[in-house]
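Residue numbers start at 1 and run along the sequence shown. Values below: all heavy atoms of this structure, side chains included; hydrogens, waters and symmetry mates excluded.
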Amino acid sequence: MISLDLNIVATLILSIILYLLGNFLTNKIYILNRLCIPPPVVGGLSFSLIIFILECFKIINISMNTILMPYFMSFFFTIVGLNVSFYLLKKGGKSLIIYWLLCAFLGFCQNIITFISSKILNINPLVALMCGSISMEGGHGYSLAFGRTLESLGIKSACSVGFASATLGLIMGGLIGGPIAKYLIEKYHLKSSNHTLKNHNLQNSKRSLLSTTDTDFFIQILIVLLCMNIGSALSNFINIYFHIVIPSIVGCIFIAVIFRNINERTKTIKLDFPLLNFLEELSLGMFLTMALMSIDFFSLSSLFGPIIFIVFCQVVFIILFAITIAFKFLGENYDAAVMISGMLGHGLGATPNALANMSSVTNKYGYSDNAYLVVPLVAAFLLDIFSIPCILFFINLLT
């Protein structure tokens with residue numbers, strides 16, 4: 001058997017190649033594009049599956065140095081925090097609060113499902129928890145962040161279980177979001193108040209990144225790194241002195257949110273959001289690719305059955321929850337139906353899934369201003385305020 005030991009630079013090179021490969025495949029293969037499966041998932045998972053097959057036949061064994069992965073992860077979540085504005089919370093109004101609370105309740109129920117499933121399947125409840133809101137509402141990002149925390153507590157393959165669950169959820173969220181919204185719209189004969197088939201995007205509001213100076217660039221990097229460092233120190237302080245398990249990303253997000261909203265009032269520093277959003281996508285792509293390409297499928301083989309069972313239960317529950325409870329509380333109107341398609345997208349996968357689902361619905365039935373304001377704001381930012389404490393509660397309860 002050939003053994004390869006990749007250093008930090010070689011691992012980074014491989015990550016970039018796999019990201020570019022994933023991007024190429026998602027653009028060329030229709031089903032991957034339609035389901036809005038991120039390039040890191042395609043490239044990283046494809047590589048880890050190929051290595052798994054080669055290892056089964058004892059052809060090659062590869063070890064990688066992924067020491068940069070947690071830094072990319074913290075960088076990404078810090079920028080997520082910098083995007084949270086309390087002003088936008090007021091602008092969303094009543095429907096935003098209702099949708100926010102519904103998603104928070106959904107996340108709590110997802111964790112309850114994992115606990116019940118762990119008793120039925122006779123597996124460690126912390127392993128099952130990785131198939132709850134961590135991977136369903138949190139996606140691959142939370143799977144890595146909280147998976148590393150659980151692995152530090154002795155739960156082996158927590159990250160791998162989370163990635164497998166998040167990937168299955170991502171696929172299912174993309175498959176059922178549009179059809180469920182279509183069912184609600186046609187059953188209740190719902191109509192859009194805005195009949196313009198409008199392509200929702202932010203391109204017109206973004207200036208070219210080419211106009212960014214070196215000074216602007218380093219100021220934005222400095223802000224992110226300072227929030228990262230202070231946030232990580234805060235998380236470590238709470239872990240050591242209060243014995244409460246808190247991933248470093250929680251501290252990073254908290255400090256970033258505080259800085260953003262204080263800075264909004266004082267206007268001390270101008271935040272360059274086009275640049276920050278670009279850096280956010282870059283860091284997300286790198287840490288997801290590194291995480292997925294290093295999945296150990298050998299250690300997962302005995303858990304494939306339980307993972308599929310729990311994810312199936314999550315899919316059944318979210319469909320029933322969306323149709324019978326969420327749709328009613330959101331007003332049983334056209335905006336509610338579009339929001340439901342988004343909820344199914346990010347409730348099982350990620351924010352891009354939610355936007356893809358809503359786009360397919362609004363392109364056919366008409367635009368929904370309210371849905372496009374509420375869903376991205378809750379899915380990408382505000383939900384963390386509920387989901388992080390909820391996940392930490394279950395981790396500390398089950399530890």
May I ask you to decide if I269's main-chain N or O and N263's side chain share a donor-acceptor pair within less than 3.5 Å? yes
Checking S48 side chain against M293 main chain: does a donor-acceptor pair fall under 3.5 Å? no
Would the distance check show the side chain of Y334 and the main-chain N or O of G366 forming a donor-acceptor pair, the cut-off being under 3.5 Å? yes
Are the side chains of F75 and I221 in contact, using a 4.5 Å heavy-atom criterion? yes
Taking only residues two or more places apart in sequence, or in another chain, which ones meet Y142 in a side-chain hydrogen bond (donor to acceptor under 3.5 Å, both in side chains)? D384
Give, for atom CD of E137 and atom CE of M343, the distance between the pair rounded to the nearest 0.5 Å. 8.5 Å
Under the ring pair (Phe, Tyr, Trp, His ring centres under 6.0 Å) test, which residues partner F287, sequence neighbours left out? F76
Side chains of T11 and N65: donor-acceptor distance under 3.5 Å anywhere? no
Just to verify, which of I59, I60, L54 counts as forming a side-chain contact (heavy atoms from CB on, under 4.5 Å) with F57? I59
Using the side chain to side chain contact (heavy atoms under 4.5 Å, CB included) rule, take I2 and I62 through it: C-alpha gap first, then chi angles, then the decisive distance, then the call. CA-CA 8 Å; I2 301 173; I62 298 180; over 6 Å; no
Just how far is it from atom CD of E55 to atom CD1 of I50, taken to the nearest 0.5 Å? 12.5 Å
Pairwise side-chain contact, C252 with S232, heavy-atom cut-off 4.5 Å (strictly under): yes
Heavy-atom nearest pair, L150 first then A158, reads CB-CB, 3.9 Å
So, N27 side chain and N23 main chain: donor-acceptor pair closer than 3.5 Å or not? yes
Any donor-acceptor pair under 3.5 Å linking the side-chain atoms of T213 with those of T215? no
Decide whether F47 and I13 are clustered together by the hydrophobic rule: side chain heavy atoms of Ile, Leu, Val, Met, Phe, Trp, Tyr closer than 4.5 Å, transitively. no
Sorted by first residue and then second, give each side chain to side chain donor-acceptor pair (under 3.5 Å) pair with at least one member in residues 167-182; sequence neighbours left out. H140-T167, K182-E186
Would you please indicate yes or no on a ring centroid separation below 6.0 angstrom for F386 and F105? no
Is any side-chain heavy atom of Y99 closer than 4.5 Å to one of F329? no
Do you know the tightest heavy-atom contact between S63 and D5? OG-OD1, 3.0 Å
How long is the gap from CG on N261 to CG on L82, to the nearest 0.5 Å? 10.0 Å
Counting only N and O atoms by type, is there a donor-acceptor contact under 3.5 Å from the side chain of N122 to the main-chain atoms of S118? no
Minimum-distance pair of heavy atoms, taken over all atoms of A181 and A337: CB-O, 3.5 Å
Among residues two or more places apart or on two chains, list those pairs meeting ring-ring contact (aromatic ring centres under 6.0 Å, His included) that have a residue in residues 250-272. none
Taking a hydrophobic cluster as the set of Ile, Leu, Val, Met, Phe, Trp and Tyr residues connected by side-chain heavy atoms closer than 4.5 Å, whether directly or through intermediates, do V250 and I385 fall within one such cluster? yes
Without swapping roles, check the side chain of T66 against the backbone of M69 for a donor-acceptor pair under 3.5 Å. no
Could you tell me whether a side-chain N or O of N370 sits under 3.5 Å from a main-chain N or O of D335, the two making a donor and an acceptor? no
Apply side chain to side chain contact (heavy atoms under 4.5 Å, CB included) to residues L96 and V378 and explain how you reach the verdict. CA-CA 8 Å; L96 185 144; V378 172; 4.2 Å; yes
Shortest non-hydrogen pair, L348 vs V315, comes out as CD1-CG2, 4.1 Å
In terms of hydrophobic clusters joined by side-chain contacts under 4.5 Å, are F146 and I310 together? no
Do S85 and E264 come close enough that some side-chain heavy atom pair is under 4.5 Å? yes
Could you check if a side-chain atom of L175 sits within less than 4.5 angstrom of a side-chain atom of M172, using non-hydrogen atoms only? yes
Linking Ile, Leu, Val, Met, Phe, Trp and Tyr by side-chain heavy atoms under 4.5 Å, what else ends up with L222? L226
The test is side chain to side chain contact (heavy atoms under 4.5 Å, CB included); show your working for M290 and L12 and say whether it passes. CA-CA 8 Å; M290 280 189 180; L12 183 60; 3.8 Å; yes
Verify, without hydrogens or angle tests, whether S15 (side chain) and T289 (backbone) share a donor-acceptor contact under 3.5 angstrom. no
Indicate yes or no: at least one non-hydrogen side-chain atom of I253 is less than 4.5 angstrom from one of T78. no
What closest approach, in Å, do I113 and C313 show between heavy atoms, and which atom pair accounts for it? CG2-CB, 4.0 Å
To the closest 0.5 Å, what do you measure between NZ (K270) and OG1 (T268)? 14.5 Å
What about I123 and V311, same hydrophobic cluster or not, with Ile/Leu/Val/Met/Phe/Trp/Tyr joined at side-chain heavy-atom distances under 4.5 Å? no
Would you confirm whether N124, through its side chain, and I155, through its main-chain N or O, come within 3.5 Å as a donor-acceptor pair? no
From M136 CE over to T114 OG1, what is the distance, rounded to the nearest 0.5 angstrom? 10.5 Å
Can you find a pair of side-chain heavy atoms, one from S341 and one from M358, that are under 4.5 Å apart? yes
Looking at every heavy atom in both P70 and R148, which two are closest together, and how far apart are they? CG-NH2, 3.8 Å
Please assess L144 against L288 for the test side chain to side chain contact (heavy atoms under 4.5 Å, CB included), listing each intermediate value before the final yes or no. CA-CA 8 Å; L144 176 61; L288 282 185; 5.6 Å; no
Hey, what do you get for CD1 (I79) to CZ (F278), rounding to the nearest 0.5 Å? 10.5 Å
Could you check whether atom CD1 of I67 has more than 12 heavy atoms from other residues, nucleotides or ligands sitting under 6.0 Å from it? no
Keeping to residues at least two apart or across chains, list the ring-ring contact (aromatic ring centres under 6.0 Å, His included) pairs with something in residues 109-134. none
Check: C131 main-chain N/O paired with Q314 side-chain donor or acceptor under 3.5 Å: yes
ILVMFWY cluster, L101 and L320 together (side-chain gap under 4.5 Å): no
Measure the shortest side-chain to side-chain distance between K156 and E151 over non-hydrogen atoms and say whether it is less than 4.5 angstrom. no
